Structures are given as structure tokens and as C-alpha cells.
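Okay, structure first, notes after.
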Amino acid sequence: MPGVSLPKFYIATSIPYVNAPPHIGHALEFVQADVIARYRRLKGDNVFLATGTDENSLKNALSAEKLGMKTEDLCQRNSALFRDLVDSINMSYDTFVRTSLKGDHWKMTQILWDACNASGDIYKKKYSGLYCVGCELFYAEGELDGGLCPEHRTKPERVEEENYFFRLSKYQDRLIAAIEKDEIRIIPSSRKAEVVNFMRSGLEDFSVSRSVNRAHGWGIPVPGDPSQILYVWFDALGYYLTAAGIASDRKAFNEMWPIDMHVIGKGIVRFHAIYWPAMLMSGGFEVPRSILVHGYITVEGEKMSKSIGNVVDPMDVIRKYGTDPVRYYLMKEISTFQDGDFSDRTLKDVINNELVGNLGNFVNRTLTFISSKLGGKVEKQKLGDEDMELVGQITGLVGEVERMLEAEQLNVALLKILEISNLGNRYFQNSAPWKLIKEDEAKAKKVLFICANICRILGILTYPYMPSSAERLLGYIHETPSSFEEAKKLSNEFKVEKPEILFSRAE
RNA sequence: AGCGGGGUAGGGUAGCCUGGAGUGCCCGCCGGGCUCAUAACCCGGAGAACGGUGGUUCAAAUCCAUCUCCCGCUACCA
């Protein structure tokens, strides 16, 4: 293998259904993936970040019919909402896949299907399911409310139809082995245990198609059998192959695959950790290297739901408080792996206390001081033992931040970053450079030299979380977020511009 | 029912995997200080026997067992 190219890192979010507008939970997943992507870039990886929308569900066809519009147009419109969100949240995606567009994605299904078929893992069988005529949908037992359709309050019929099935059962042992040995690393490990546990009780084959009639002709036809439409698995899960270029640039695809990390919600673990790797094994593709599973967001302590009417539109929040504060809140206040809460009140508190009062204030007082009292320049000063101790503490924290990021503990890493800013404020306060400047200029310069370095470190470390703010901060000291390693070193001199306020108070 | 996750000061959290003084963070409360800074910042204080019980250990929030409360998942639900 040629050793000159950068290590690649392919990471992707799941693709949301477009039959409902984005909510704050979608934003969480986008930001998580983006933070990891940006961190990996700082570490020097060649990162590819994929996202998109899942548009081939029957529900789209049904609501389009109701609205009297073409399904294509409805999808286009709703997909745009998600695209607006990923742009507004400043996600650095490299590709955005729309599964209803008859291009690479449709070609992908042919490739994947053929490969699995060639392994003898696709066969026809009668599918029997609970079907609500009103909804025109099959329901899982768990989705029913007291045995009734949650929407129509009617008893669904048992309906049979001949569909294609995928031979999941054949892969049970291989899957268990792959996950137990962390060939597919499931993060956090509690989810891994869940998955293994589930598999041990036996895996059943699953259906991978629906009749064209039932699908209302919407979706991707089964390769070689236009009377059937692909069900979600070969379609939506396959998007990861599409994004990597399987149908457009096979050479690039071969370099990109396997995917290094899936970022998904807890509700779809099974499909990503079991169905999907099995399909890949069957098709002769390498399995995903890791799957990061996040929790769900409640709103003011309550489950988000349309009927309660408490669904939070992330675009509203972004418009109100700004992109970076929202990113910060999602990463810091919501545990990376567990459920978390969204609260307007907490969001304001966090902005005012942590971003404005702690981080923003430290940067502002340091840079303002340098630009107004020291002519915008500081160079290296002789450091004493106490200073070296502080520097050592900071370096130690940088190491912890790195460790936490490597362990995908995005919230804990952010906590550590704030500690650095905290130390900075304390040091500034206790050193009182505003007094020193009148008595001992060299000493004042030394304090500011250290503080400027802390600002620089903070700029690099916060970059994955709050890219525009970090770039602005680093811009005031004529730097850019180039590499994570830079956060482990001190810079020897600074040219400082008079800073603008980094974060504004939230009212 | 089975499996999994949670129960840490008034509220919210981190720590638990890889035991070692209740250690930390945000809010709130009380008392001081500072004035470089976005009424921001700093210091001190009150406040928790880390859900209950039992065990392992020199040592447990951290490991084991059991009980209890909350929340998820249990197959074609993204």
C-alpha cells in the first residue's frame, strides 16, 4: 500500500424520513457527526462525511396524494427542510444523498441486490403482517395501541403477500463473533450488550420487498422484478454505499469503504448492527468499523410528540440563539449516549454563564488587554515554576480532552475544555495584570503571554464544536484551526487584533 | 415477563468500565474582593451518609448480590 495518503475516515449520519419536518433530535445527530468529523480532520484524517434524506416511504406517496401533489415534489420540498438544517447547523458534509432521485442511489440497489442474490441469500416467501387499510401500512405489534391502529383505532387485518426475503439467519454466528470481537465496535458498550443479547435468542429472516400496488408505485423497483418495490432495508441502509461512490466511482469507493463510523439514534440500532452488516457480508463487502448510538431528546422533561405539540424546530432555536450556541448546548448539555433534555431556560443559562461569562469573557479580557495595553503584541517571557505548573495543568487537560474525544465522549471533552477557560479566568484574576502593568511590565506581559496561549488552545479545541466562533477567535490572533497537535504546544509570540464579542448574552 | 439504561447537595450534570479522602462543573442561596473584561470575573461559605439493604476489600458512588422507583427495547418500528 502506498503510504503517502492520509488515513481516511468515512462517517455518516442516518438519513431521516422526510414525512415530518426536522426536530431538535435530528440536529443532535448532525452535530455529533460533525464534531467527530471536524476533530478527525484536525487530527489529519481525510474525512468524508455523508448525510441525506430517506424519501421512498409509502407515507410520502400517501400524503402527496392527499395534498394533490406529485410525490417527487413533496419529497423535494421536505428534503429541502433537512438540507436547510444541516446547512444552518454548519455541518461540514461532503455529500447529501436523496434516495428518491433516480441516479447513483438506484444503481447502488442493483449492485447490492445482485451481490446478495449471488450469495443465495434472497428468496421468495409469503409475508404475513398486520395491515391497516386506512393507513395502507403494515404495523409491528409493538406499534399498535392495544391491538389497534394508533391512528384509526381499528383492528388491523392479517394480510399475506409474496415478497422477497433476506437470509439473516445464515449470518447469526458471524455477526455475533464480529460484534463480540469489536470488529464492529458498538458505542457505548451497553448497546453492544443489547445487540449480542438479542442475537443470541435467534435471528429470523426479514422481508425486503413489497408489492408495487401496496407501495403505490413509489420507491425503487426490485432488480429484475418490477412487480415488487424494495422495502426500506436495501434502499435506505444502502445509502452508505451510494454516498461512498459505489455506483459512480468504483475506485474511489474501494478506497473509501468500509465506513468507519455510523452515527445513529437508539431506535435503529438493530438495523445498523445486525441487518446491515449481514447484508454487507452477504454482498461481499467489509462491515462497518463502528456504530455510535445516541439517545433521544426530551423537551422540558417530556417526550417530544406531535400530539403534545412540544416538538422543537431546531431552525427556530438557531435563529433565536445562533448556530454555535445551539451546537454547544447539544454537545455539552445532552449526554452523548444517553437521553437528554432540551430546555429553553437551561439553554439561556448555559449561553450566559458558560459561553458569555466563562469562555467569551476570558478571550475578550485577554485579547482586549493585549490590544489596548500592550500594543497588540506579546512575545515569550521567562516563565517561573508557578507558571510552568499552570502550563502543565493546561497541557494535562488538553490530553484529557483528546482522550475523551477519542472515546467519543463529546460532552465530557467539552467539560474539560471549559475547565481550561476556567483556569484562564482564575489565573488572570489572581495575577491582576491590570495592576502589574503599572508596576512590573515584564510580569504583566508574562501573564498575558500565557493567557494568549490559553486562548489559542481554546480556539483549537473548541473548533470541532463551534467552528465559526473558533475561527473568529483564532482570527484575532492571526491563526487558523490547523491541527490538533498545535493545542499541545505554546506559541512564542502573538499579534493580536482588537476582538469583537464572541458570544452575546441571551435574554 | 425477559433484556438493557438510569436514580450523585434545592435543581441539572460529570465521576462508575480501569475501587483509594465526596472530587468537579452549571444554576440557585449567603458573605467578601476586583475593576482588564459582555453588571462579566475571582475568593470564601451553607447544602449530599452518591435510591434501600447485604456482601467482597485495608479501602466502594465506583465491584458483586438483592430490593425499590423511573425510562427504554423485545423483530421487520429509522
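None of the values given here were measured: they were computed from a predicted structure. Every chain is numbered from 1 and lettered A, B, ... according to where its sequence line falls, protein lines coming before strand lines. Note: hydrogens, waters and symmetry copies are ignored here, and every other heavy atom, side chains too, is used.
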Touch class at under 4.0 angstrom, heavy-atom based, for [X] against every strand present:
X        : value
A:Ala432 : nothing
A:Leu203 : base
A:Phe428 : base
A:Arg505 : base
A:Val412 : sugar-phosphate
A:Lys266 : sugar-phosphate
A:Asn361 : base
A:Gly265 : nothing
A:Phe271 : base
A:Phe503 : base
A:Ser14  : nothing
A:Glu204 : base

Can you identify which nucleotide, out of [options], has its nearest atom closest to the [X] side chain?
X        : options                : result
A:Val232 : B:rA14, B:rC76, B:rA78 : B:rA78
A:Asn430 : B:rC76, B:rC42, B:rC36 : B:rC42
A:Gln429 : B:rG33, B:rG24, B:rC26 : B:rG33
A:Gln338 : B:rC34, B:rG24, B:rG6  : B:rG6
A:Gln409 : B:rC27, B:rG15, B:rA78 : B:rG15
A:Ile268 : B:rA37, B:rA78, B:rC27 : B:rA78
A:Leu168 : B:rA75, B:rU38, B:rA78 : B:rA75
A:Leu502 : B:rU35, B:rU38, B:rA78 : B:rU38
A:Ser335 : B:rA14, B:rA78, B:rC36 : B:rA14

*asked:* Closer than 3.5 angstrom, by distance alone: can the side chain of A:His105 be matched with the main-chain N or O of A:Leu101 as a donor-acceptor pair?
replied: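 It does not hold such a pair.
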
Say we look at [N] and [M]: how far apart would their [atom1] atoms be, to the nearest angstrom?
N      : M      : atom1 : result
B:rG31 : B:rA46 : C1'   : 11 Å
B:rA14 : B:rA9  : P     : 13 Å
B:rG10 : B:rU56 : C1'   : 35 Å
B:rC64 : B:rC26 : P     : 32 Å
B:rA61 : B:rG51 : P     : 10 Å
B:rC16 : B:rA60 : C1'   : 10 Å
B:rC34 : B:rG44 : P     : 16 Å
B:rG45 : B:rG19 : C1'   : 31 Å

Going by purine N1 to pyrimidine N3 plus the second Watson-Crick contact, or the G-U wobble pair, all under 3.5 Å, which nucleotide sits opposite [N]?
N      : result
B:rG31 : B:rC43
B:rC3  : B:rG72
B:rU57 : none
B:rA78 : none
B:rU18 : none

* To do: Measure up the A:Tyr329 and A:Phe342 rings against each other and bin them: parallel (under 30°), tilted (30 to 60°), perpendicular (over 60°).
  =>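 Taking A:Phe342 first and then A:Tyr329, their aromatic rings stand perpendicular (interplane angle over 60°).
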
Exercise. Mind checking whether A:Phe166 and A:Tyr171 have parallel, tilted or perpendicular rings, split at 30° and 60°?
Worked result: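 The rings of A:Phe166 and A:Tyr171 lie parallel, inter-plane angle below 30°.
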
Quiz item: cation-pi between A:Arg83 and A:Phe96, 6.0 Å / 45°:
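Yes.
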
- prompt: Within the stacking criterion (centroid distance below 5.5 Å, interplanar angle below 30°), does A:Trp434 stack on B:rC36?
  reply: yes

task = Please check if any side-chain donor atom of A:Asp341 sits under 3.5 Å from a side-chain acceptor atom of A:Thr298, or the reverse.
result = yes

Checking side-chain polar atoms at under 3.5 Å, does A:Ser282 have a donor or acceptor matched by the opposite partner on A:Asp121?
yes

- request: Answer yes or no: is there a side-chain heavy-atom contact under 4.5 Å between A:Leu367 and A:Phe494?
  value: no

Nearest-Å distance for atom pair [atom1]/[atom2], residues [X] and [N]:
X        : N      : atom1 : atom2 : answer
A:Tyr171 : B:rC76 : OH    : P     : 22 Å
A:Arg365 : B:rC42 : CZ    : C1'   : 8 Å
A:Lys435 : B:rC41 : NZ    : P     : 18 Å
A:Asn422 : B:rC41 : CG    : P     : 9 Å
A:Arg403 : B:rG15 : CZ    : P     : 14 Å
A:Met199 : B:rG4  : CE    : P     : 15 Å
A:Ile351 : B:rA40 : CD1   : P     : 15 Å
A:Leu347 : B:rC26 : CG    : P     : 17 Å

Of A:Ile501 and A:Arg345, the one whose closest RNA chain B nucleotide lies more 5' |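 The residue closer to the strand's 5' end, by nearest nucleotide, is A:Arg345.
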
The answer to which of A:Asn353 and A:Phe165 contacts RNA chain B further toward the 5' end, by nearest nucleotide, is A:Asn353

Counting only side-chain nitrogens and oxygens, does A:Arg270 get under 4.0 Å of the OP1 or OP2 atom of B:rC73?
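A:Arg270 to B:rC73 OP1/OP2: no side-chain N or O under 4.0 Å.
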
Check your understanding: Do the charged groups of A:Lys125 and A:Asp205 touch, with an N to O distance under 4.0 Å?
Key -> no

Given A:Arg472 and A:Glu500, is the salt bridge (Lys or Arg N to Asp or Glu O under 4.0 Å) satisfied, shown in steps?
CA-CA 9 Å; A:Arg472 215 142 61 76; A:Glu500 300 283 317; over 6 Å; no

